[in-house]
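In listed order, ligands and their atoms are each counted from 1. By convention here, the first residue in the shown sequence is residue 1.
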Amino acid sequence: MDSATISSITDEMLVQMKNLPGALLPVLHRIQDELGYLPAESVSEIAAALNLSRAEVHGVISFYDHFRTEPTGKHIVKICRAEACQASGSRELEIQIKDSLSIEFGETGTDGLITLEPVYCLGNCACGPSVQINDKVYGRVDIARFDGLLESLVEQPDDSHAHVTPVISNEPEPIRIYVADDTSACAIGADAVAQAIVAEAARRDLNIELLRYGSRGLFWLETLVEVETPEGRVAYGPIQSSDVARLFEAGFHKGNQSSELSLGLTQDIPYLKNQRRLNFECAGLVDPLSLESYKALGGYLGLKRALSMSTQAIVDEMKTSGLRGRGGAAFPTGIKWQTVLDAPTNKNPHPELEKKYIVCNADEGDSGTFADRLLMEADPLQLIEGMTIAGLATGAVQGYIYLRSEYPKALEKLTIAIEAAYAGGYLGNNIAGSDQRFDLEIRLGAGAYICGEETALLDSLEGKRGMVRAKPPLPAIEGLFGQPTVINNVLTLASVSGILANGAKTYKNLGTGRSLGTLPMQLSGNIKRGGLVELPFGSTLRELIEDYGGGTASGRPIKAVQVGGPLGAYLTESQLDIKLDYESFSEIGAMLGHGGVVVFDDGVDMSQQARFAMEFCAVESCGKCTPCRIGSTRGVEVIDKICTGEGSERENNLILLHDLCDTMEHGSLCAMGGLTPSPVRSALQHFPEDFGIEPQAISGVGIDAGRGETPC
Ligand SMILES: Cc1cc2nc3c(=O)[nH]c(=O)nc-3n(C[C@H](O)[C@H](O)[C@H](O)COP(=O)(O)O)c2cc1C
Ligand code: SF4
Ligand code: FES
């Protein structure tokens, strides 16, 4: 592309966007979307238009993995390297793909067709190993499937976005058939199944209405096909496109259940029936893009009640509910909101920024977690309503959803749902006919795990590198643009509408101790029945993994389970009877975090998992403090030396690793450096033989499972 074209496109974007608050990231996204990368000419123009130095713009570009300064191949292939995919074979797949393409990460091969990149979780953890090609995620990928995908790229390079639109017949009483339009469902073939159903129905001259709502979260049964009958929806699964003709033959479209793929009424599938769903009650039932559908299922009743209450009464209701943040730190939501309600706005050189903010943390970077993604794709208005109520409660009039760029489908659904809420009078001025206003915008992250940490996220929203801020001041006092800011996780905010609609007491009657309500757990890795399981706090990890998950997918014994994302400790089979609540996990030096559960069978080498924990920290550290930035790199080296060393050299390196973990725990500003030792220490403590060492060598150097703090 010549300089004049680059300049004119950059200029056009800047004219449209330069006045946005924190404009730099949105501008970079738009220019890269348009040009495929960020050329040096654009950097100078952006810097001039946004009144920044070129070094500042370059600093931001180089911080985020998503931004590129060189053109790429025609297609970008990303391989997930995170733990849940590792547990289902991604390490081997990565080697095979690199071999087959003869390229390493960051390189372009097969004559400019493919650029290969690493990615750390695509939210498809229940259906790994995962690979993304351009914007589309593929699940359960092995090298044969990858080669097939590659061939289709060569033959039909532009077909990666093939998608079925709903077929809506005008004739009365069409047969309603549901196939989820969800990242994971589509990753394992839902689009092809939908296409096959439409084609087969046409061939048989049947009048069907194919509806693409969200997934129920029973990913082990995807592609799940549901047919509406007078008794309720009847389910069939897992279906492949090659099964479709046979299903029609067996009369599935009439609810006939003679097929061996019939599962009976969806609501009676034990995996679903035995859950207690609040956040996910309407997943798969509601049309995620329709305000009318949302309202028909009880949507906006919470907002209606909130509008009749004082700000303090809404905050009190949140306190009474006992809701604690679902992002990981489990901080009481009502107390956070109270701080923002009570805080005055702060002086800012740009008076238009002097207002309170509601920020939704939709950065969901933990491997093994996908609940936020599922909710945003299946029931986005629940989140939008929760944020609106948070605005009413605290006096905030502007909201931002900070969404990770790895979730294009969630972006698509949220964008349409926000438009529907504006069109229906539920966002903007005079919400729901009141004199209150609340505006809401989506901002995209750019591939940095640390931007899930709330203060790094705020820096990113302001258009900067995602650097962690020292606290105090708390974001509730001085947050976005220096103003009082509520920052909550997707599930926290999505819980709000139900609490307001049904009353705080109904919510707090579920759960145990100080862990109240329900927690959507996410089962992934080497597990037979991966998916979303929402339960009141208090059941056990064993019930979750055995009763719901059905044990390992490989059928081999469970060796280790990582709960709470990449900073979570590894637990052993003997620890599975632990109760799923914040206190029980804290007592054993572990954490529930965002509810991700990654299962490994006895084929896993735990020294490699410990090594990966350090490697991940080195890749994703924001770089502010030395123990995290440098310590993690040294940690990888020391673990390698322990695994390959002999005698006293090995012992000395064990002592060194122990010291390093201590320094990281005590000398890091945030939980990224502070908790990385947790998976490392727990792997060493429980599985010393994988490091080639005797158990007594561990106790000799004081390695324990970590200090069990939760990210703050
Ligand atoms: C390294 C790191 C990564 C984090 N990633 C996320 C994340 O992806 N999503 C999230 O909601 N919270 C994440 N958190 C927690 C946030 O800092 C913060 O506690 C949370 O957004 C507050 O919302 P809540 O009170 O609703 O949980 C992370 C924390 C750390 C230290
Ligand atoms: S611990 Fe790591 S990620 Fe956290 S502030 Fe320090 S360098 Fe940044
Ligand atoms: S998609 Fe690979 S770990 Fe989540």
So that I can tick it off, tell me whether E478 and R469 are bridged by a salt bridge, with the cut-off set at under 4.0 angstrom between side-chain N and carboxylate O. no
Numbering as shown, the atoms of ligand 3 that approach C80 to under 4.0 Å (heavy-atom distance): 1 (S), 2 (Fe), 3 (S)
At what distance is the nearest protein heavy atom to atom 4 (Fe) of ligand 2, and which residue and atom is it? C670 SG, 2.3 Å
If you measure every N or O of Y449 against every N or O of ligand 1, does any of those distances drop under 3.5 Å? no
Are R681 and D662 close enough for a salt bridge, meaning some N to O gap below 4.0 Å? yes
Ligand 1 and D366, any nitrogen or oxygen pair closer than 3.5 angstrom? no
Ionic contact status for E94 with R91, cut-off 4.0 Å: no
Taking only non-hydrogen atoms of R326 and a 4.0 Å limit, the atoms of ligand 1 in range are 26 (O), 27 (O)
Electrostatic pair R373-E364, nearest N-O below 4.0 angstrom: no
Considering only non-hydrogen protein atoms, determine which one is nearest to atom 8 (Fe) of ligand 2 and report residue, atom name and distance to 0.1 Å. C622 SG, 2.4 Å
Any N/O/S of C85 under 2.8 Å from atom 4 (Fe) of ligand 3? no
Is the closest N or O pair between K336 and ligand 1 shorter than 3.5 Å? yes
Those atoms of ligand 1 less than 4.0 Å from some heavy atom in N489: 10 (C), 11 (O), 23 (O), 24 (P), 26 (O)
Based purely on interatomic distance, does C670 place a nitrogen or oxygen under 3.5 Å from a nitrogen or oxygen of ligand 1? no
Counting C-beta onward and ignoring hydrogens, is there a side-chain heavy-atom pair between Y400 and L458 closer than 4.5 Å? no
Within a distance under 4.0 Å of any heavy atom of T492, pick out the atoms of ligand 1 and give their elements. 24 (P), 26 (O)
What do we get for E364 next to ligand 1 when only non-hydrogen atoms under 4.0 Å count, side chain, backbone, both or neither? backbone
Pairing donors with acceptors under 3.5 angstrom, does anything connect the side chains of Y570 and Q609? yes
Aromatic ring pairing H66/H29, orientation class (parallel under 30°, perpendicular over 60°, tilted between): tilted
Atom 2 (Fe) of ligand 2 to nearest N/O/S of C625 less than 2.8 Å: no
Ring centres of F146 and Y138 under 6.0 Å apart? no
Proximity of C125 to ligand 3 by residue part, where a heavy atom lies under 4.0 Å: both
So between G325, A329, G328, G452, whose heavy atom ends up nearest atom 16 (C) of ligand 1? G452
Is it the side chain (CB and beyond), the backbone, both or neither of N488 that lies under 4.0 Å from ligand 1, heavy atoms counted? both
Quick check on contacts: which atoms of ligand 1 are under 4.0 angstrom from a heavy atom of G365? 8 (O)
Going from CZ on F63 to CG on D459, what distance comes out if it is rounded to the nearest 0.5 angstrom? 9.0 Å
Subset of ligand 3 atoms that lie under 4.0 Å from at least one heavy atom of S367: 3 (S)
Using distance alone, with no hydrogens and no angle criterion, decide if Y449 and D366 have a side-chain donor and acceptor under 3.5 Å apart. yes
Using a strict cut-off of 4.0 Å, indicate which atoms of ligand 3 neighbour a heavy atom of A82. 3 (S)
Heavy atom of the protein closest to atom 2 (Fe) of ligand 2 (residue, atom name, distance): C628 SG, 2.3 Å
The closest protein heavy-atom partner of atom 5 (S) of ligand 2 is V468 CB, 3.5 Å
Consider only side-chain N and O atoms of T512 and D581, and report whether a donor and an acceptor are under 3.5 Å apart. no
Hey, does G327 come in under 3.5 Å of ligand 1, counting only N/O atoms on both sides? yes
Side chains of Y64 and S460, donor plus acceptor under 3.5 Å: yes
Residue-ligand contact R629/ligand 2, heavy atom below 4.0 Å: no
At a 4.0 Å threshold, what atoms of ligand 1 neighbour a non-hydrogen atom of A671? 31 (C)
Could you list which atoms of ligand 1 come closer than 4.0 Å to a heavy atom of I487? 22 (C), 23 (O)
Separation of L523 CG from I545 CD1 (nearest 0.5 Å): 6.5 Å
Has R324 got a side-chain atom pairing as donor or acceptor with R514's backbone, closer than 3.5 angstrom? yes
By number and element, which atoms of ligand 2 are closer than 4.0 Å to a non-hydrogen atom of S621? 2 (Fe), 7 (S)
Pick, from M672, E453, H594, E620, the option with the minimum heavy-atom distance to atom 3 (C) of ligand 1. E453
Quick one: does S90 get within less than 4.0 Å of ligand 3, heavy atoms only? no
If we number the atoms of ligand 3 from 1 as shown, the ones under 4.0 Å from a heavy atom of A84 are 3 (S)
Strictly by modelled atom types, are E222 and S215 linked by a side-chain donor-acceptor pair under 3.5 Å? yes
What residue and atom, counting heavy atoms only, is the protein's closest point to atom 1 (S) of ligand 3, and at what distance? L122 N, 3.2 Å
Below 4.0 angstrom, N of the basic side chain to O of the carboxylate: do D372 and R326 qualify? no
Residue pair R81, Y120: steps toward the side-chain hydrogen bond (donor to acceptor under 3.5 Å, both in side chains) verdict: CA-CA 5 Å; R81 301 198 71 226; Y120 294 90; 3.0 Å; yes
Counting only heavy atoms, which portion of S130 has something under 4.0 Å from ligand 3: side chain, backbone, both, or neither? side chain
Atoms of ligand 2 less than 4.0 Å from I450 heavy atoms? 3 (S)
Between Q132 and S130, is there a side-chain donor-acceptor contact under 3.5 Å, judged purely by atom types and distance? no
Under 3.5 Å, is there a donor-acceptor pair linking the side chains of E534 and T518? yes
Taking 4.0 angstrom as the limit and counting only heavy atoms of S668, give me the atoms of ligand 2 inside it, by number and element. 1 (S)
Counting from 1 in the order shown, the ligand 2 atoms closer than 4.0 Å to a non-hydrogen atom of G673 are 1 (S)
